[in-house]
Amino acid sequence: MFGKDLISIHDLTCDQVAAILDTAIKVKANPEDYEHFLSGCTMAMIFEKPSLRTRVSFETGMTQLGGHAIYLGPNDISLGKRESVPDIARTLDRMVDIIMARTFAHQSVLTLAQYAEVPVINGLSDYSHPCQVLADFQTISEKKGELKGLTLAYVGDGNNMAHSLMFIGAKTGVNVRIVCPKGYEPRADVLALAVEDAKETGAAITVTNELNEGVSGAGVVYTDVWASMGMEAEAEARKAIFRPFQVNAALMAKAKEDAIFMHCLPAHRGDEVTDEVIESWQSVVFDEAENRLHAQKAVILRLMVAEGELD
Ligand code: CP
Ligand code: NVA
C-alpha cells in the first residue's frame with residue numbers, strides 16, 4: 001500500500017510503481033472485475049488549466065469504477081483567489097472521497113494534500129505529471145515487453161514531463177536521456193533525485209545537449225510541446241531555439257530501427273513533431289492516451305482499496 005496521495009513518482013518505491021503498472025494491465029484486460037469498487041464515491045477534479053485527456057480519463061474512470069466525478073474548472077473555484085487552497089482542501093475533504101488537481105504551482109497540489117485527509121492525485125503541475133508517465137510506461141511495456149534495460153530519449157524542454165520521465169525511468173530500470181537545448185535542462189535537483197533513485201535499478205538518467213549522442217540507439221523517442229501551458233508568451237521565441245530538436249524522420253532514423261514514438265499530447269504538429277512521424281507506424285500516441293484511463297483507475301484503486309481486496 002502506498003501513502004495517502006500520488007504527488008510524484010519519486011515518492012513511490014520501485015515495487016509500488018510496478019504494482020500500479022500491474023494493476024493497470026489487469027484493469028485494462030478485465031474492467032468488469034473492478035466495476036463496483038468505488039460505488040458511492042465522488043472525486044473532485046480541480047483544473048486551473050485546460051485538459052482533454054486528464055479530465056475525460058478521470059471522469060470516465062470514476063464512472064467505470066462505480067463512482068462519480070465533479071469537474072471544477074478555473075472559473076468555478078478560482079484556486080487561491082476566491083478562496084485559499086487550505087480552505088478549499090478542508091471543504092472538499094468533508095464532502096468527497098478523493099481529489100485530483102491540475103495546477104500551475106506544484107505547491108498548490110502539496111497544500112491540498114497537506115490539508116485534505118482524503119487522497120490527492122497530481123493531475124499535472126509545473127513540476128511533474130505522474131499519471132501521464134504511468135500510462136506511458138504501461139504503453140512501453142505493452143509494446144516492448146520488459147522495461148528494464150530499455151533506453152528512452154526525451155527530446156525537448158526540460159519540463160514537468162521530463163521530470164516525471166526521469167523519475168519513472170529511475171524506478172523501473174529504463175535509461176532516460178533528456179536531450180534539450182542549452183538553458184532548457186530539467187531542474188538540477190530533480191536530476192540529482194532521479195540519479196539517486198536509479199541506484200536501486202541501475203538505470204542511467206542523463207542530460208545532454210547533443211542530439212546524436214542522446215538519440216542514438218534509443219528504443220523510445222519521446223517529445224512534448226516546446227512551451228507548456230502558462231508559458232504561451234515565450235512560445236514564439238522558443239520556436240527558433242527548439243527547431244533543431246524537432247522529432248522528424250531524420251531524427252527518428254538515429255534511434256533504433258524498431259523505436260516507438262511517444263508524445264503526451266496535445267501535439268503541435270510542425271513544431272516539436274512532424275505529421276509524418278506522429279502518423280507513422282512507430283507512433284503510439286493514442287495508446288498512451290487510452291492508457292491514461294487504465295493507469296489512473298489503477299492509481300485510484302491502489303489509493304482507495306485495501307491491498308488484499310485488489311490482488
Ligand atoms: N496529456 C495530457 O495531460 O493531456 P490533457 O492536457 O488534455 O489533459
Ligand atoms: N508540458 C505540457 C504537458 C501537457 C500535458 C504542459 O505542461 O503544458
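Residues take their numbers from the sequence shown, with the count starting at 1. Since we're looking at a predicted model, the values are computed, not measured. All ligand and atom numbering here is 1-based and tracks the order in the structure.
Of the protein's heavy atoms, Asp224 OD2, 3.6 Å lies nearest to atom 3 (C) of ligand 2. When only non-hydrogen protein atoms are considered, atom 4 (O) of ligand 1 lies nearest to Arg53 NE, 2.8 Å. Scanning the protein for heavy atoms near atom 7 (O) of ligand 2, the closest one is Asn160 ND2, 2.9 Å. Counting protein heavy atoms only, atom 8 (O) of ligand 2 is closest to Met229 N, 2.8 Å. Nearest protein neighbour of atom 2 (C) of ligand 1, counting heavy atoms only, is Arg292 NH1, 3.3 Å. Looking at atom 4 (C) of ligand 2, its nearest protein heavy atom turns out to be Leu124 CD1, 3.8 Å.
Between Arg55 and ligand 1, a contact under 3.5 Å exists for no N or O pair. Polar contact check, Met229 against ligand 1: no nitrogen or oxygen pair lies under 3.5 Å apart. Close N/O approach between Pro266 and ligand 1 is not found [any backbone or side-chain N/O within under 3.5 Å]. Close N/O approach between Leu124 and ligand 1 is not found [any backbone or side-chain N/O within under 3.5 Å]. Between Ser228 and ligand 2, at least one pair of N/O atoms sits closer than 3.5 Å.
Between the Arg238 side chain and the Trp226 main chain, a donor and an acceptor come within less than 3.5 Å of each other.
The two residues Tyr154 and Ala162 come nearest to each other via the heavy atoms CE2-CB, 3.7 Å. Pairing each heavy atom of Met262 with each of Asp136, the nearest pair is CE-O, 3.4 Å.
Only side-chain heavy atoms of Arg102 come within less than 4.0 Å of ligand 1; its backbone N, CA, C and O stay farther off. The residue Asp126 has no part lying near ligand 2, judged by heavy-atom distances below 4.0 Å.
The shortest heavy-atom distance from Leu265 to ligand 2 is under 4.0 Å. The closest approach between a heavy atom of Lys49 and any atom of ligand 1 is not below 4.0 Å.
None of His268, Glu272, Glu288 except one satisfies the side chain to side chain donor-acceptor pair (under 3.5 Å) rule with His263; the exception is Glu272.
Checked for salt-bridge contact, Glu142 and Lys28 meet the test: a charged N lies under 4.0 Å from a carboxylate O. By the 4.0 Å N-to-carboxylate-O rule, Arg269 lies close enough to Glu279 to be salt-bridged with it. Looking at Asp197 and Lys171, a side-chain N of the basic residue comes within less than 4.0 Å of a carboxylate O on the acidic one, giving a salt bridge. Salt bridge annotation for Lys143-Asp287: present, with a cationic side-chain nitrogen under 4.0 angstrom from a carboxylate oxygen. A salt bridge between Asp258 and Lys256 is absent, with no side-chain N of the basic residue lying under 4.0 Å from a carboxylate O of the acidic one.
Checked against a 6.0 Å centroid threshold, the rings of Phe242 and Tyr184 count as neighbours.
Atoms CG and CZ, on Leu124 and Arg102 in that order, are 4.5 Å from each other to the nearest 0.5 Å.
Interface of Leu52 with ligand 1, defined as ligand atoms under 4.0 Å from a residue heavy atom, comprises 5 (P), 7 (O), 8 (O). Short contacts between ligand 1 and His129, defined as distances under 4.0 Å to a heavy atom of the residue, involve ligand atoms 2 (C), 3 (O).
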